[in-house]
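Reading through the structure tokens given below for one structure.
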Amino acid sequence: MPLTPPIVLVFAATDPSGGAGLQADILTLSSMGCHPLSVVTAVTIQDTMGVEDFMPIDAEWIADQARCVLEDMPVAAFKIGVLGSVENINAIAEVVSDYPDVPLVLDPVLSSGRGDELASDEMISALRELLIPQTTILTPNSVEARRLAHEEGEEASEDLAACARRLLGFGCEYVLITGTHENSPQVVNTLYGQDGVIRSDSWERLPGSYHGSGCTLASALAATVANGVDIAEAVRDAQEYTWQALKAAFRPGMGQHLPDRLFWAREENDPEREHDQPD
């Protein structure tokens, strides 16, 4: 009988463009050899240029979606993206609390790539109180890290190491802060644990902008963890996969480029294939 691939349960919002959100998670997890289970937290109206509107799913429906599949199949990891509402955060926190031994990757999506707000201050407070304490690894970009680490009205520290210490103080085991939003020649991503920096990786800064890069990284990390890789190596492998997907990105619409999560399959079919490059 064929072996069952590692199963990852994703809580995320839909993205009709297929660039980010649940669709990006499913593509990434499948590409990395996992079987994705999906719980819809919100339905969005968006394209490659940005989010026009979004509608949170009822919290009871979210809990019921999750419990239905969790009672049927064992999962090797959770991955959480856009949450939609405070009520949804409460519902998801209650569900995952019943599975304390399952690693949880939390991508705190606070806004779209264009800057459309996807999380209120009340939702951020609920994240800090209910989900971050249950999180194995938190994956904010530098903007999200600064916002998450400080209360409303509090002056945000520019020091990302200080932000990481504060986020770790909320109860998560690890924090991976990505540097795509920093003004630096290279993108520097740093993994922090309770004893400080575990690893720091520098990557060539690719031209253009990308829709769904954070979703891709967090899902790739969930996939590597689900496959039993230790955190430090999982972070390295997930970054490598994400960078290759971004390098192979294509631009199907009028907005951002979309990561090619199946870059490896196209390279196998045509080693000389040249991907569209950012303008």
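Heads up: numbering here begins at 1 and tracks the sequence.
Note that SG of Cys34 and CG of Leu29 are 5.5 Å apart. Values are rounded to the nearest 0.5 Å. Residue Ile89 holds its CD1 atom at 10.0 Å from CD of Glu122, rounded to the nearest 0.5 Å. Cys172 SG to Leu138 CG: the interatomic distance, rounded to the nearest 0.5 Å, is 5.0 Å. In this structure, CZ on Arg146 lies 6.0 Å from SG on Cys163, to the nearest 0.5 angstrom. A distance of 4.5 Å separates CH2 in Trp243 from NZ in Lys247, rounded to the nearest 0.5 Å. Atom CD1 in Ile80 sits 6.5 Å away from atom CG in Leu83 (nearest 0.5 Å).
Contact annotation: the side chain of Leu37 approaches that of Val75 to within less than 4.5 Å [non-hydrogen atoms, C-beta and beyond]. Proximity of Pro6 to His35: side-chain heavy atoms (C-beta onward) are nowhere separated by under 4.5 Å. Between Phe54 and Val43, every side-chain heavy-atom pair lies at or beyond the 4.5 Å cut-off. Residues Leu9 and Val96 fail the side-chain proximity criterion, which asks for heavy atoms closer than 4.5 Å. Contact check for Met49 versus His211: no side-chain heavy atoms found under the 4.5 Å cut-off. In this structure the side chain of Leu246 reaches within 4.5 angstrom of the side chain of Pro259, judged on heavy atoms. Counting only heavy atoms from C-beta outward, the side chains of Phe11 and Ile62 approach each other to under 4.5 Å.
Taking Gln23 as the reference, Thr14, Asp15 meet the side chain to side chain contact (heavy atoms under 4.5 Å, CB included) condition, with sequence neighbours excluded. In this structure, the side chain to side chain contact (heavy atoms under 4.5 Å, CB included) partners of Glu240, at least two apart in sequence or on a different chain, are Trp203, Arg236, Gln244. Considering only residues two or more places apart in sequence or on other chains, Asp53 meets the side-chain hydrogen bond (donor to acceptor under 3.5 Å, both in side chains) condition with none of them. Residues satisfying the side-chain hydrogen bond (donor to acceptor under 3.5 Å, both in side chains) test with Ser184, not counting sequence neighbours, are Arg205. Scored by the side-chain hydrogen bond (donor to acceptor under 3.5 Å, both in side chains) test, Thr44 finds Gln46 as partners (sequence neighbours excluded). In this view, Asp230 and Ala232, Glu233 satisfy the side chain to side chain contact (heavy atoms under 4.5 Å, CB included) rule, not counting sequence neighbours. Ser202 pairs by the side-chain hydrogen bond (donor to acceptor under 3.5 Å, both in side chains) definition with nothing, not counting sequence neighbours. Residues meeting the side chain to side chain contact (heavy atoms under 4.5 Å, CB included) test with Thr190, sequence neighbours left out: Val188, Tyr192, Val197, Ser200. Tyr241 meets the ring-ring contact (aromatic ring centres under 6.0 Å, His included) test with Phe263; sequence neighbours excluded.
In terms of heavy atoms, Ala226 sits closest to Ala77 at CB-CB, 4.1 Å. Of all heavy-atom pairs spanning Cys215 and Ala20, the tightest one is SG-CB, 4.0 Å. In terms of heavy atoms, Thr224 sits closest to Ala234 at OG1-CB, 3.3 Å. Heavy atoms only, all atoms of each residue included: Ala76 and Val102 are closest at C-CG1, 4.0 Å. Minimum heavy-atom separation, Gly18 to Leu27: O-CD1, 4.3 Å. Of all the heavy atoms in Asn88 and Pro56, the pair that sits closest is ND2-CB, 4.1 Å.
Of the possible polar contacts, none joining the Thr178 side chain to the Thr180 backbone as a donor-acceptor pair under 3.5 Å is found. Between the Arg128 side chain and the Phe170 main chain, no donor and acceptor come within less than 3.5 Å of each other. Judged by distance alone, with hydrogens and angles left aside, the side-chain atoms of Glu144 form a donor-acceptor pair with the main-chain N or O of Asn141 at under 3.5 Å. Of the possible polar contacts, none joining the Ser31 side chain to the Thr28 backbone as a donor-acceptor pair under 3.5 Å is found. Judged by distance alone, with hydrogens and angles left aside, the side-chain atoms of Arg251 form a donor-acceptor pair with the main-chain N or O of Gly255 at under 3.5 Å. Under the 3.5 Å distance criterion, the side-chain polar atoms of Thr41 are matched with a main-chain donor or acceptor of Val82.
Between Asp98 and Arg67 there is a salt bridge, since a side-chain N of the basic residue sits under 4.0 Å from a carboxylate O of the acidic one. Between Asp121 and Arg147 a salt bridge is recorded (basic side-chain N to carboxylate O distance below 4.0 Å).
Residue Ile198 belongs to a hydrophobic cluster whose other members are Val105, Ile137, Tyr174, Leu176, Leu191, Leu217, Leu221, Val225, Ile231, Val235, with links defined by side-chain heavy atoms closer than 4.5 Å. Alongside Val229, the hydrophobic cluster contains no other residue (criterion: ILVMFWY side chains under 4.5 Å).
Classified by interplanar angle (parallel below 30°, tilted 30° to 60°, perpendicular above 60°), the ring pair Tyr210/His257 is tilted.
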Stepwise side-chain contact (heavy atoms from CB on, under 4.5 Å) test for Asp25 and Ser38: CA-CA 9 Å; Asp25 297 331; Ser38 56; over 6 Å; no
Worked verdict on Glu182 versus Leu160 for side-chain contact (heavy atoms from CB on, under 4.5 Å): CA-CA 11 Å; Glu182 297 299 283; Leu160 291 175; 4.2 Å; yes
Verdict with reasoning, Leu22 to Val40, per side-chain contact (heavy atoms from CB on, under 4.5 Å): CA-CA 8 Å; Leu22 199 54; Val40 179; 3.7 Å; yes
Test log, rule side-chain contact (heavy atoms from CB on, under 4.5 Å), inputs Val10 and Val39: CA-CA 6 Å; Val10 178; Val39 171; over 6 Å; no
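Residues in residues 131-140 take part in no side-chain hydrogen bond (donor to acceptor under 3.5 Å, both in side chains) pair, two or more places apart or across chains.
Ile26 and Met73 fall within the same hydrophobic cluster, defined by Ile, Leu, Val, Met, Phe, Trp and Tyr side-chain heavy atoms under 4.5 Å apart, directly or through other members. Hydrophobic clustering (ILVMFWY, side-chain heavy atoms < 4.5 Å, transitive): Ile177 and Val143 are in distinct clusters.
Gln256 and Thr48 share no donor-acceptor pair across their side chains, judged by distance under 3.5 Å alone.
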